[in-house]
There are 2 protein chains.
Amino acid sequence: MIRNLSKLERQKRIKEYISKDPFLSDKKLAELFNFSVQTIRLDRLEMGIPEMRKRIVQVAKNTPSTDKVKSLKKEEIIGELIDIELGKNGIAILKTTKDMAFGRTGIIRSHYIFSLADSLAISIIDTEVALTGIARLSYKKPVYAGETLVAKARVARNRGNKYLVSVHVKSDQKEVFTGKLVIFSVNDKVKKEKA
Amino acid sequence: MIRNLSKLERQKRIKEYISKDPFLSDKKLAELFNFSVQTIRLDRLEMGIPEMRKRIVQVAKNTPSTDKVKSLKKEEIIGELIDIELGKNGIAILKTTKDMAFGRTGIIRSHYIFSLADSLAISIIDTEVALTGIARLSYKKPVYAGETLVAKARVARNRGNKYLVSVHVKSDQKEVFTGKLVIFSVNDKVKKEKA
DNA sequence: TACCTATTATTAGCAACTATTAATTGTAAG
DNA sequence: CTTACAATTAATAGTTGCTAATAATAGGTA
């Protein structure tokens with residue numbers, strides 16, 4: 001039984017180590033944990049963790065290529081962009097923490113949710129610069145620190161440089177927020193055409 | 001079998017291909033250019049281009065870790081509370097900085113302005129816990145990094161635990177944002193319901 | 001003809017694996 | 001105590017995508 005526990009603990013730690021540093025090879029992990037390379041491999045297989053090279057490829061591919069997201073740099077996005085189809089729709093995830101909440105209740109401050117929705121909405125607009133014009137927000141349910149928010153945005157209408165984007169944010173399948181944002185693309189081409 | 005590519009041209013193209021897609025192996029490049037793998041390798045060596053694996057690692061390493069959500073600090077958001085009359089009105093000031101702006105244009109991201117308005121609106125409600133329910137936002141003019149925003153909020157209506165707060169944000173006397181927020185004052189009941 | 005360049009081939013070796021089989025070790029249960 | 005079993009380690013063969021070194025080949029030039 002003692003072995004069972006140590007095995008589980010080791011696997012748990014290996015998982016943590018790898019998630020922190022995907023560049024760790026089995027050899028290095030074996031040295032770190034003072035187990036044989038074979039044991040480490042076995043652990044990885046049991047946990048379904050791919051080999052180092054594939055992990056590195058995953059990390060590299062996860063990099064949003066600059067021409068895929070035009071409006072925002074990676075650093076400017078609140079939350080994590082999961083999927084995006086420029087001009088159509090997109091999904092982003094935000095793991096809420098205590099820092100984002102009211103200390104007394106643990107309820108997430110509304111502007112964090114808006115920030116997630118707003119930056120996602122801007123991300124999906126296929127243009128150089130996008131600005132929010134008008135927004136209607138509706139907070140359905142309080143969100144507590146620790147909950148993971150999934151935001152889905154969709155371009156509902158598009159006339160010229162004016163986009164109507166609807167955003168739905170869910171936590172654990174339940175809708176906690178919806179918003180309709182009117183976003184304007186500010187593109188040099190549009191400006192010239194209009195002028 | 002006649003290749004219309006000179007050595008220099010081929011190398012130039014290989015460089016382009018790799019810069020576009022760092023995941024190309026020598027084998028794939030050889031197939032693409034209809035040259036032998038050895039020739040491709042020779043070309044890479046001459047141009048000092050590292051092997052595919054090292055290129056992937058490079059891409060992966062300058063990828064900012066995805067779980068590092070850029071969190072907004074409270075101080076940044078709320079601004080400075082200048083004056084407040086609980087249940088009636090309040091004024092807050094926010095000095096905008098480059099961190100709050102789109103790198104390309106220097107325009108302040110909309111959620112910073114909303115955060116100022118939202119937190120001010122919540123502050124003036126005379127209750128333990130206040131939550132935003134519905135909001136209508138209107139961004140009138142872009143705000144540039146460095147400008148100082150003055151937000152004025154006023155309780156327009158109050159029925160029971162429901163408050164309608166209107167917020168006007170000005171930069172240099174000019175209105176840049178207005179918003180109408182419906183805010184609910186709540187007790188610890190909400191927390192208990194959830195738990 | 002001898003020389004030169006570009007290209008291609010060949011061979012050995014490496015890192016970091018997968019996949020499989022087998023041996024060893026500890027330990028709990030019959 | 002012995003057996004059964006899980007965990008661990010070892011050993012072996014094969015893969016990918018390379019490096020490094022050497023050699024062979026084709027084509028053109030002086």
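We name chains A, B, ... by the order of the sequence lines, and we start the count at 1 in each one. Nothing here was measured: the structure is a model prediction, and the numbers come from that model.
- Among the atoms of the strands shown, base atoms are found under 4.0 Å from some heavy atom of B:L42.
- Place B:P50 and B:R53 on DNA chain D by their nearest nucleotides, and B:R53 ends up nearer the 5' end.
- For B:S185 and B:N161, the side-chain atoms include no donor-acceptor pair closer than 3.5 Å.
- Atom CZ of A:R136 sits in a sparse spot, with 12 or fewer heavy atoms from other residues, nucleotides or ligands closer than 6.0 Å.
- Between the side chain of A:R41 and the base of C:dT18, no donor-acceptor pair of N or O atoms lies under 3.5 Å.
- Checked by atom type, the side-chain pair A:T97/A:K95 shows no donor-acceptor distance below 3.5 Å.
- For B:Y17, the OH atom counts as loosely surrounded, since its 6.0 Å shell holds 12 or fewer non-hydrogen atoms of other residues, nucleotides or ligands.
- Protein atom CG of A:L45 is 15 Å distant from nucleotide atom P of D:dA7, rounded to whole Å.
- A:R55 comes within 4.0 angstrom of nothing in the nucleic acid, heavy atoms only.
- The separation between A:D26 atom CG and D:dT8 atom P is 15 Å, rounded to whole Å.
- The nearest whole Å value for the distance from the CG atom in B:L8 to the C1' atom in C:dA6 is 12 Å.
- Annotation: the span from B:I124 atom CD1 to B:S119 atom OG amounts to 11.0 Å, rounded to 0.5 Å.
- Heavy-atom nearest nucleotides on DNA chain C were determined for B:D43 and for A:I49, and the one closer to the 5' end corresponds to B:D43.
- B:E147 and B:T96 are not linked by any side-chain donor-acceptor pair at a separation below 3.5 angstrom, with hydrogens and angles left out of the test.
- Protein atom CD of A:Q58 is 15 Å distant from nucleotide atom C1' of C:dC17, rounded to whole Å.
- Taking each heavy atom of A:V155 and A:G87 in turn, the nearest pair found is CG2-O, 3.5 Å.
- Distance B:I40 CD1 to D:dC18 C1': 14 Å, rounded to the nearest Å.
- Rounding to whole angstrom units, CE of residue A:M52 and P of C:dA15 are separated by 12 Å.
- Residue B:R10 places at least one side-chain N or O under 4.0 Å from the OP1 or OP2 atom of C:dT7.
- Shown for residues 29-39 of chain A: residues whose heavy atoms fall under 4.0 angstrom of DNA chain D, namely A:F35, A:S36, A:Q38, A:T39.
- Here C:dT25 presents its P atom at 19 Å from NZ of A:K7, a figure rounded to the nearest Å.
- Atoms CD (B:E9) and P (C:dT7) sit 12 Å apart, rounded to a whole Å.
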